[in-house]
Enquirer: 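Dumping the structure here so I can ask a few things about it.
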Amino acid sequence: MAKSTPNFYESVQNNFDKAAALTTIPKGLLDQIKVCNAVYQMRFPVRIGNQYKVVEAYRVQHSHHRLPTKGGIRYSIHVNQEEVMALASLMSYKCALVDVPFGGAKGGVKISPRKYTQDQLERITRRYTTELVRKNFIGPGIDVPAPDYGTSSKEMTWILDTYVAFRNGEIDAAGCVTGKPVTQNGIRGRTEATGRGVFYGLRELLNNKKEMEALGLEPGMAGKTMVIQGLGNVGSYTGTISQDEGDVKIIAVSEYEGAIYSEKGIDIQKLIKFRKETGSIVGFPGTKKMAKREDALELECDILVPAALENVIHKGNAKKIKAKIIGEAANGPVTSSAEEILLKKGIIVVPDMYLNAGGVTVSYFEWLKNLSHMRFGRMEKRFNSQTYLNLVDQFERMTGKSVSEKEKSILTRGADEIDLVRSGLEETMVNAFQQIREIKARKKRCEDYRSAAFVNALTKIASDYMNMGVFP
Ligand code: GLU
């Protein structure tokens, strides 16, 4: 029986159990999939000014059914072992779901990054990396970190540089971490990847006629109202791309400093600029400040996108949620007990392990780029372009009609790295959605998207274990 107020790790386990009961995977194998294989808890000293601070940090490798293991590193004062275990577990399911051939892992450093200077953050990051190297917890074929809450491409550069200092001459060293800046062996499109993936995932659901009928909505994204909680990397890109490419109307945004609302819609790009200049979203022209930042979650809207941290929709506020769809851009924003309430209300919850998988998908592309030592598109771009040009010329000769220079340049363009990354990401998100939908439609008693996603992920991981010969 599920506890009434599960913590994040318990929520993940409750969800696992609910879905596991829908499969025929043997119990012993389910037990193996569920546990975290390796938990590395560390404490290390860092000099801050003329004092020393002991930093608490973690790296958890949840599953080794595929290698390397993969997952971000979080910098937050709320980091604790169970949180990192929950996040590492989700990474395994996420990767399996979108056919990214990695096991799941996650790291956490228990600090409040705002309280440190760049120099101090660099020292903490380099020391954390050193600990990982010492215990063989990092490497392109072992375990590959990436950004997460509180970290960005900047930390990834420090990680790479520290790793390389220890592993001089290792030819694939650049693949020891992803989410690096493009100039430092990163890939175009990685920074926006999670938000872009959220957009593709929501678009797939919203284009589904049957699902929209059940919610009493017209199919399609255009004109749908959206509320975003958290304007970090994921929330910002989800908002910008949903607005620019999906014509969604963002009616409220909630952040650390408060929540704002506008029935007419909020231009997210302008809001991000405003926040950079003033340090706050509050006071953005044309918007009203809401009494409490949590109030944004309870607004009437088509799509609610929690894009910050776990457990924001819990038993205490689930009854008050009026959104028709919840798109989990963050990891674990809905507790398992809240989800029971939401599902009874007929709300569709699009689960984190699917919806925010765009980040790790493009991380996979970056890792492949690092191992191949070459940018995607470099070999074929010009060749393809020339082939298309020959076709257009032939068309002109055969028909006697001429194609304008502008049209010609569109028709004969070869794909760049960014085009290929976006196309690969879109294909991944569309494919995974179809797989989940199919399971949800086919499997008796599998009534929600999270269970269907879990069933899919568990089946794939179980099959890997069986192929290893570990389980008969
Ligand atoms: N931190 C991201 C996530 O939770 C990305 C992980 C990665 O790229 O390895 O999915």
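For ligands, and for the atoms within them, numbers begin at 1 and follow the listed sequence.
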Enquirer: Output yes when a side-chain donor or acceptor of T238 lies under 3.5 Å from a complementary backbone atom of A307, and no otherwise.
Expert: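 Here the side-chain-to-backbone pair does not exist.
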
Enquirer: Do we get R114 above Y256's six-membered ring, with its NZ or CZ under 6.0 Å from the centre and within 45° of the axis?
Expert: yes

Enquirer: May I ask you to list the atoms of ligand 1 that are less than 4.0 angstrom from any heavy atom of M91?
Expert: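 Here the atoms of ligand 1 in question are 3 (C), 4 (O), 6 (C), 10 (O).
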
Enquirer: What part of T194 sits under 4.0 Å from ligand 1 if we count only heavy atoms: the side chain, the backbone, both or neither?
Expert: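 T194 to ligand 1: no contact under 4.0 Å from either part.
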
Enquirer: Identify the protein heavy atom lying closest to atom 8 (O) of ligand 1, giving its residue, its atom name and the separation to 0.1 Å.
Expert: S363 OG, 2.6 Å

Enquirer: Short list, please: which atoms of ligand 1 are under 4.0 Å from a heavy atom of G359?
Expert: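 Once the distances to G359 are compared, the set is 8 (O).
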
Enquirer: Within a distance under 4.0 Å of any heavy atom of N331, pick out the atoms of ligand 1 and give their elements.
Expert: 4 (O)

Enquirer: Considering only non-hydrogen protein atoms, determine which one is nearest to atom 7 (C) of ligand 1 and report residue, atom name and distance to 0.1 Å.
Expert: A146 CB, 3.3 Å

Enquirer: Report yes or no: is the cationic atom of K369 (NZ for Lys, CZ for Arg) under 6.0 Å from the centre of the six-membered ring of F376, at an angle within 45° of the ring normal?
Expert: no

Enquirer: Below 4.0 angstrom from a heavy atom of D148, which ligand 1 atoms are there? Numbered from 1 as shown, please.
Expert: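 Counting from 1, the qualifying ligand atoms are 1 (N), 2 (C), 4 (O).
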
Enquirer: Looking only at protein heavy atoms, identify the closest one to atom 10 (O) of ligand 1 and say how far it is in Å.
Expert: K94 NZ, 2.7 Å

Enquirer: Can I get a per-line list of side-chain donor-acceptor pairs under 3.5 Å for residues 195-202, giving both atom names and the distance, sequence neighbours left out?
Expert:
| from | atom 1 | to | atom 2 | distance (Å) |
| --- | --- | --- | --- | --- |
| R196 | NE | E192 | OE2 | 2.8 |
| R196 | NH1 | Y200 | OH | 3.1 |
| R196 | NH1 | E245 | OE1 | 3.1 |
| R196 | NH2 | E245 | OE2 | 2.9 |

Enquirer: For a quick test of reading the model, state the closest non-hydrogen atom pair linking Y449 to E211 and the distance between them.
Expert: OH-OE2, 2.5 Å

Enquirer: Taking only heavy atoms of G71, which atoms of ligand 1 are found under 4.0 Å from at least one of them?
Expert: 9 (O)

Enquirer: With sequence neighbours excluded, tell me which residues meet side chain to side chain donor-acceptor pair (under 3.5 Å) with S451.
Expert: D448

Enquirer: For atom 4 (O) of ligand 1, find the nearest protein heavy atom and state the residue, atom name and distance (0.1 Å precision).
Expert: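 The closest heavy atom on the protein side is K106 NZ, 2.9 Å.
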
Enquirer: Record the part of R190 in heavy-atom contact with ligand 1 below 4.0 Å; permitted values are side chain, backbone, both and neither.
Expert: side chain

Enquirer: Give the atoms of ligand 1, by number and element, whose distance to some non-hydrogen atom of G72 is under 4.0 Å.
Expert: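 Here the atoms of ligand 1 in question are 1 (N), 6 (C).
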
Enquirer: Backbone N or O of K34 within a donor-acceptor pair of the H62 side chain at under 3.5 Å?
Expert: yes

Enquirer: For P147 and ligand 1, does the shortest N/O to N/O distance drop below 3.5 Å?
Expert: yes

Enquirer: For the backbone of A174 and the side chain of N185, can you confirm whether one donor and one acceptor N or O come within less than 3.5 Å of each other?
Expert: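 A pair under 3.5 Å: no.
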
Enquirer: Does any N or O in the side chain of Y354 come within less than 3.5 Å of the main-chain N or O of M429, such that one atom is a donor and the other an acceptor?
Expert: yes

Enquirer: Quick one: look up the protein heavy atom nearest atom 9 (O) of ligand 1 and list residue, atom name and how far away it is.
Expert: K70 NZ, 2.8 Å

